[in-house]
Amino acid sequence: MSTAWTRKDLLTIRELDRADIQLILDTGRTFKNSSANSGKKSTSLEGRTVVNLFVEPSTRTRTSFELAATRLGADVVSIDSESSSFRKGETLKDTGQVLQAMNADFVILRHSAAGAPQFLAERLKAHILNAGDGAHEHPTQALLDVFTMRERLGEKCAWKDLHVVICGDILFSRVARSNVWALTKLGARVTLVGPTTLVPEIFSELGVKITHDLDSVLPDADVIMLLRIQHERQRRSFFPSVGEYVSLFGLNMTRFKKCKPGVLIMHPGPVNRGIEIASELADGPNSTILDQVQNGLAIRMAVLHLLGGS
Ligand code: CP
């Protein structure tokens, strides 16, 4: 398997180039075809220690990183904020030094502060993987999202012909930022949709279109990615009411009828059913929500292998 990779860490999609993204997707494909689904173990990380350090809640990212590292033959330890010495006020720097003293080879960090993975990467010898830092980036989510698009639309899917609409809480979404970087580097067209307060004009500097009218972009979308409203990051109300948000930006059956028949409906999860997406669409044939979860395992095996496997 290819290991033509020179980076120590995976901190952002912004720092990757198109060839890096392509290599991760191709390596993810190899793992998906071999061990990711079958449970067959590889020896890529045999004798290595992987620490999952999750200072914010997670189901998908944490579980799939644990499974990915285990499938690659690593020893895996998971730490969360509630049961660790973070509760006693230990700093991230000191926690990192503790992990280094225990010879951790990889630290996978989810943190509420943007830049926390970069902070550790500058201080530790271990490979640092960003599992979501505040509203900044969530690189493996974007990688599994573009992997899922390519898988569902076919390997011959030309990125330049693809129009991806990302709708919802763009301002606070690390998933949106990482997807914008990944999709624009691959050559896709991206439109961001949401309330004016959650989709500021400054995002157009990233080479994307902005609109506040979801209905106007639905007929031309090949992929619609819905995002969760991140109440935990909002210190004030960014729209008058949930009911108004649903009526303007919720994907429901009436809106779905305006879409192309094969449109992909994506959501990184967790889903607020009945708010950003109707349940019948989340569970319907156009939905890729569980494909995204499944592909997270192959993509996380790929990045662990490329960063430090053999
Ligand atoms: N999409 C995502 O990051 O989900 P979790 O918070 O469950 O990891």
Side-chain angles (χ1 to χ4, degrees), residues 10-13 24 28 36 50-71 76-84 86 106-114 116-117 128-149 151-152 164 166-183 223-234 251 264-273 275-277 281-283 287-304:
L10 178 64
L11 304 177
T12 64
I13 297 292
I24 295 170
V50 175
V51 178
N52 260 317
L53 181 57
F54 276 62
V55 190
E56 272 196 336
S58 167
T59 298
R60 294 151 197 79
T61 313
R62 177 175 160 164
T63 308
S64 60
F65 263 123
E66 283 181 18
L67 282 172
T70 305
R71 296 270 163 88
V76 185
V77 180
S78 290
I79 301 172
D80 63 46
S81 56
E82 290 306 303
S83 58
S84 71
F86 280 120
F106 297 79
V107 177
I108 298 162
L109 178 65
R110 171 167 288 192
H111 202 285
S112 57
I128 308 298
L129 290 91
N130 180 0
D133 59 333
H136 179 218
E137 280 225 33
H138 192 348
T140 55
Q141 180 68 46
L143 290 163
L144 71 89
D145 288 339
V146 295
F147 182 91
T148 303
M149 288 177 210
E151 181 179 70
R152 283 284 287 252
V164 180
I166 305 179
C167 177
D169 180 354
I170 308 292
L171 184 61
F172 292 96
S173 175
R174 54 197 177 205
V175 175
R177 276 175 185 71
S178 288
N179 264 290
V180 165
W181 285 116
L183 288 162
V223 177
I224 303 170
M225 184 181 294
L226 288 319
L227 299 174
R228 185 174 66 87
I229 302 297
Q230 310 222 13
H231 294 292
E232 71 272 27
R233 300 195 202 285
Q234 299 179 4
L251 191 65
L264 299 187
I265 299 174
M266 307 188 73
H267 194 305
V271 174
N272 291 309
R273 288 173 180 264
I275 298 181
E276 61 264 12
I277 184 169
L281 292 174
D283 300 330
S287 168
T288 66
I289 293 172
L290 293 179
D291 294 355
Q292 290 167 263
V293 173
Q294 190 180 68
N295 289 334
L297 178 54
I299 283 296
R300 288 170 179 130
M301 287 179 80
V303 294
L304 285 166

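Counting starts at 1 for both ligands and their atoms, following the listed order.
Residue contacts with ligand 1 leave out Gln292, since none of its heavy atoms falls under 4.0 Å from the ligand.
No donor-acceptor contact under 3.5 angstrom links the side chains of Ser112 and Glu56, judged on distance only.
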Applying side chain to side chain donor-acceptor pair (under 3.5 Å), run through Ser64 and Arg300 and close with a yes or a no. CA-CA 7 Å; Ser64 60; Arg300 288 170 179 130; 2.7 Å; yes

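Counting heavy atoms closer than 4.0 Å to ligand 1, residue Arg110 contributes side-chain atoms (C-beta onward) but none from N, CA, C or O.
Taking 4.5 Å as the limit, every side-chain heavy atom of Leu109 sits out of range of all side-chain heavy atoms of Asp133.
Remark: ligand 1 atoms within the under-4.0 Å shell around heavy atoms of Thr59 are 5 (P), 7 (O), 8 (O). Of all atoms in ligand 1, numbered sequentially from 1 with element shown, those under 4.0 Å from a heavy atom of Pro268 are 1 (N). The Gly269 neighbourhood of ligand 1 comprises atoms 1 (N), 2 (C), 4 (O), with distances under 4.0 Å to a heavy atom of that residue.
Atom 7 (O) of ligand 1 has as its closest protein heavy atom Arg60 NH1, 2.7 Å.
Cation-pi check for Arg110 over Phe54 is not met; the charged atom does not lie both under 6.0 angstrom from the ring centroid and within 45 degrees of its normal.
Proximity of a side-chain donor or acceptor of Arg177 to a complementary backbone N or O of Ala135 within less than 3.5 Å is detected.
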